[in-house]
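Values below: every heavy atom of this structure, side chains too, minus hydrogens, waters and symmetry copies. Throughout, numbering of the chain's residues begins at 1 and tracks the sequence.
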Amino acid sequence: MTDEQIESKDDNSIFSLTSEERTKQFKKLLEELDEKPTELASRLIRLGDYRSGVAIMRGIQRMEAGDTKVSGEMLVIIRMLVNQQRLQYSKLNQVEWTQQANGAWVAEFEGFKITLHPESKQRWSIYLRVIETDYSLACGSWQVGLDAAKRKALVRLADGQMEAADLAAGRL
């Protein structure tokens, strides 16, 4: 089955995909998500996965290689993360960035202060802070290129909104 045929199936037909088709779809979604296995494992842990990072990474790598079936739960999670990422990317033009004297780029967006700090070799570190509470969020690895850093900052902002809500409700 081609990628187009897999994508054209309606939502109920996901149950009729073969294991190979689910693996192909999983790989395509992972590619769009554009996260290293370590980044994805860390993100899943932040979102509540109780397994060790090593176990998560091993599972992702085995599913991606076709050594084990892609679980329904993992396919749902990756789809949700990709959909969240698409939504965040659609907001990029709404963010007003200001360059600071030190070369950093700063923006305030949806209750967060976002700072992109230049590092060596065109890499950027990302810092997110909840404006109201001054809570700082972990942001993962450096990004290569300013545009990639801006995109990753918005994706991490969406995760941060959930984290901040959990913290405010006493769930963290």
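Remark: Arg129 CZ to Ile114 CD1 distance equals 11.5 Å, nearest 0.5 Å. Residue Gln88 holds its CD atom at 9.0 Å from CG of Asp159, rounded to the nearest 0.5 Å. Interatomic distance, Ser136 OG to Lys113 NZ, rounded to the nearest 0.5 Å: 10.0 Å. The CZ atom of Arg22 sits 13.5 Å away from atom CG of Leu29, with the distance rounded to the nearest 0.5 Å. From Glu20, atom CD reaches atom NZ of Lys24 across 11.0 Å, with rounding to the nearest 0.5 Å. With values rounded to the nearest 0.5 angstrom, Asp49 atom CG is found 7.0 Å from Met74 atom CE.
Put simply, the residue from Ile78, Val70, Leu75 that forms a side chain to side chain contact (heavy atoms under 4.5 Å, CB included) with Gln25 is Leu75.
Note on Ile77: it does not cluster hydrophobically with Met57, by side-chain heavy-atom contacts below 4.5 Å among ILVMFWY residues. A continuous path of hydrophobic side-chain contacts links Val95 to Leu116 [ILVMFWY only; heavy atoms under 4.5 Å]. Hydrophobic clustering, with ILVMFWY side chains joined whenever heavy atoms are under 4.5 angstrom apart, groups Phe109 together with Leu146. Transitive grouping of hydrophobic side chains (ILVMFWY, heavy atoms separated by less than 4.5 Å) keeps Leu157 and Tyr127 in distinct clusters. With hydrophobic clusters built from ILVMFWY side chains whose heavy atoms lie under 4.5 angstrom apart, Leu30 does not share a cluster with Val155.
For Met63 against Ser71, the heavy-atom pair with the smallest separation is SD-N, 3.7 Å. Here the shortest heavy-atom pairing between Ala148 and Val144 reads CB-O, 3.3 Å. Closest of all the heavy-atom pairs between Glu39 and Glu35 is OE1-CA, 3.4 Å. Minimum heavy-atom separation, Ala149 to Ile126: O-CD1, 3.6 Å. The two residues Ala107 and Trp97 come nearest to each other via the heavy atoms CB-CE3, 3.6 Å. Across every non-hydrogen atom of Ala41 and Gly53, the tightest pair is CB-O, 3.9 Å.
Through chains of ILVMFWY side-chain contacts below 4.5 Å, Met80 is grouped with Val76.
A donor-acceptor contact shorter than 3.5 Å is absent between the side chain of Arg62 and the backbone of Gly59. For Gln94 (side chain) and Lys91 (main-chain N/O), no donor-acceptor pair under 3.5 Å exists by modelled atom type.
Using a 4.5 Å heavy-atom threshold, the side chains of Gln61 and Asp67 count as separate. Looking only at side-chain heavy atoms (C-beta outward), Leu81 and Leu40 come within less than 4.5 Å of each other. At a threshold of 4.5 Å between non-hydrogen side-chain atoms, the residues Arg43 and Arg156 do not count as touching.
Within a 6.0 Å radius of CD in Gln99, more than 12 heavy atoms belonging to other residues, nucleotides or ligands are found.
Glu32 pairs by the salt bridge (Lys or Arg N to Asp or Glu O under 4.0 Å) definition with Arg86, not counting sequence neighbours.
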